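Reading through the structure tokens given below for one structure.
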Amino acid sequence: MRKKAGEKETRKTPLEEVQEREQSIAKYLQTHPDFFARHPDLLSELVIPHPSGAAISLVERQLALLRGQNRELKRQLRDLIENAMVNDDLSKKVHKLALGVLTAATPQAAIEVLFSSLQTGFDVDVIALRLFFDGESLPPPAPDHLNVVRVSRNAPELEVFASVLKSPQPICGRLTGEQRDYLFGEEAERAVSCALIPLGEEQCRGMLAMGSQEPDRFRADLGTIFLDYLGVIVERSLHRHWPY
């Protein structure tokens with residue numbers, strides 16, 4: 001395309017010309033990754049600066065990069081294996097707990113199995129179970145356990161859990177002081193990190209709370225799939241014996 005009369009031709013600086021040639025070379029090598037396989041003699045002539053300042057050959061540089069990638073892949077594989085082992089262990093514990101509570105002859109026995117299993121198998125320090133009932137009439141008596149309480153669905157003290165109970169998803173992390181005091185009473189200080197599981201799918205029938213003295217035991221970013229399973233097991237087991 002010819003330039004119009006009077007239009008000045010823009011000349012590239014030497015640096016721009018060098019950069020353009022380098023970009024062309026880089027693009028060519030990207031589209032022809034077998035270039036050095038066809039020209040192996042060039043490998044012995046190329047050198048690449050090393051972070052330490054020494055110059056190394058391209059082959060040495062490639063080997064160093066491959067070693068680094070290999071270490072990273074090994075680390076990722078190790079993490080995957082460790083996570084798989086943890087999940088497998090959790091699956092076995094949830095299965096054992098499910099068998100215990102679902103085969104319990106009475107709701108009282110189911111509660112005892114639930115609490116003992118959580119404390120011994122899941123490293124839980126404090127547990128609280130709140131079961132909701134509708135209306136103002138007195139509900140059937142709850143199983144005889146200090147941390148199991150029947151409460152009206154409209155009770156004022158449940159307002160601090162309003163946002164939690166709107167979602168059926170379990171949550172992990174730190175509860176407010178007011179929430180911990182209501183759930184765990186004198187043992188609230190032992191609930192540094194907590195997991196809170198709403199019970200029931202279509203309508204929240206209650207909530208199971210677990211607390212640990214370990215700050216990272218129930219982290220906010222912790223996966224909740226096993227907590228989901230646990231919530232379903234507890235709700236179905238109690239409702240089977242005791243239609244609260």
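Just so we're clear, the structure is a prediction, and the values are computed from it rather than from any experiment. FYI, side chains are in, hydrogens and waters are out, and symmetry mates aren't considered; it's all heavy atoms of this structure.
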Non-hydrogen side-chain atoms of Asp181 and Glu178 separated by less than 4.5 Å: no
Name the atoms and distances for all side-chain donor-acceptor pairs under 3.5 Å in residues 222-232, with sequence neighbours left out.
none

Shortest non-hydrogen contact from Arg150 toward Phe132: NH2-O, 3.8 Å
Atom pair CD1/SG of Ile197 and Cys172 - distance to nearest 0.5 Å: 8.0 Å
Trace of the side chain to side chain contact (heavy atoms under 4.5 Å, CB included) decision for Met85 with Glu82: CA-CA 5 Å; Met85 293 175 64; Glu82 290 177 355; 5.5 Å; no
Nearest heavy-atom neighbours spanning Leu208 and Leu118: CD2-CD1, 4.3 Å
Heavy atoms from other residues, nucleotides or ligands near CD of Glu157 exceed 12 (cutoff 6.0 Å): yes
Which atom of Met207 lies closest to which atom of Leu183, heavy atoms considered: CE-CD2, 3.9 Å
Interatomic spacing from CD1 in Ile127 to SG in Cys194 - rounded to 0.5 Å: 12.0 Å
Within-4.5 Å side-chain heavy-atom neighbours: Val148 and Leu131: yes
Gap separating the OG atom of Ser237 from the CG atom of Leu102, nearest 0.5 angstrom: 5.0 Å
Nearest heavy atoms of Arg219 and Asp216, plus distance in Å: CG-O, 3.2 Å
Gln19 and Gln23 side chains, donor-acceptor separation under 3.5 Å: no
Any side-chain heavy-atom pair of Glu16 and Glu20 under 4.5 Å: no
Side-chain touch Lys96/Leu99, heavy atoms, less than 4.5 angstrom: no
CD/Glu186: more than 12 non-hydrogen atoms of other groups inside 6.0 Å: no
Step-by-step side chain to side chain contact (heavy atoms under 4.5 Å, CB included) determination, Val192 to Arg217: CA-CA 9 Å; Val192 178; Arg217 177 66 183 87; over 6 Å; no
Spacing of Gln213 atom CD and Glu187 atom CD [to the nearest 0.5 Å]: 9.5 Å
Glu214, CD atom: more than 12 neighbouring heavy atoms under 6.0 Å: no
Residues Lys93, Leu97; criterion side chain to side chain contact (heavy atoms under 4.5 Å, CB included); working and verdict: CA-CA 6 Å; Lys93 290 178 179 179; Leu97 183 149; over 6 Å; no
Cation-pi check, Arg130 onto Tyr182 ring (under 6.0 Å, within 45° of axis): yes
Separation between CD1 of Ile233 and OG of Ser117, rounded to the nearest 0.5 Å: 10.5 Å
Least distance between heavy atoms, Leu196 atom then Ala209 atom: CD1-CB, 3.5 Å
Chi angles and distances behind the side chain to side chain contact (heavy atoms under 4.5 Å, CB included) call for Phe218, Val124: CA-CA 10 Å; Phe218 296 110; Val124 175; 4.2 Å; yes
Nearest heavy atoms of Thr120 and Ser116, plus distance in Å: OG1-O, 2.7 Å
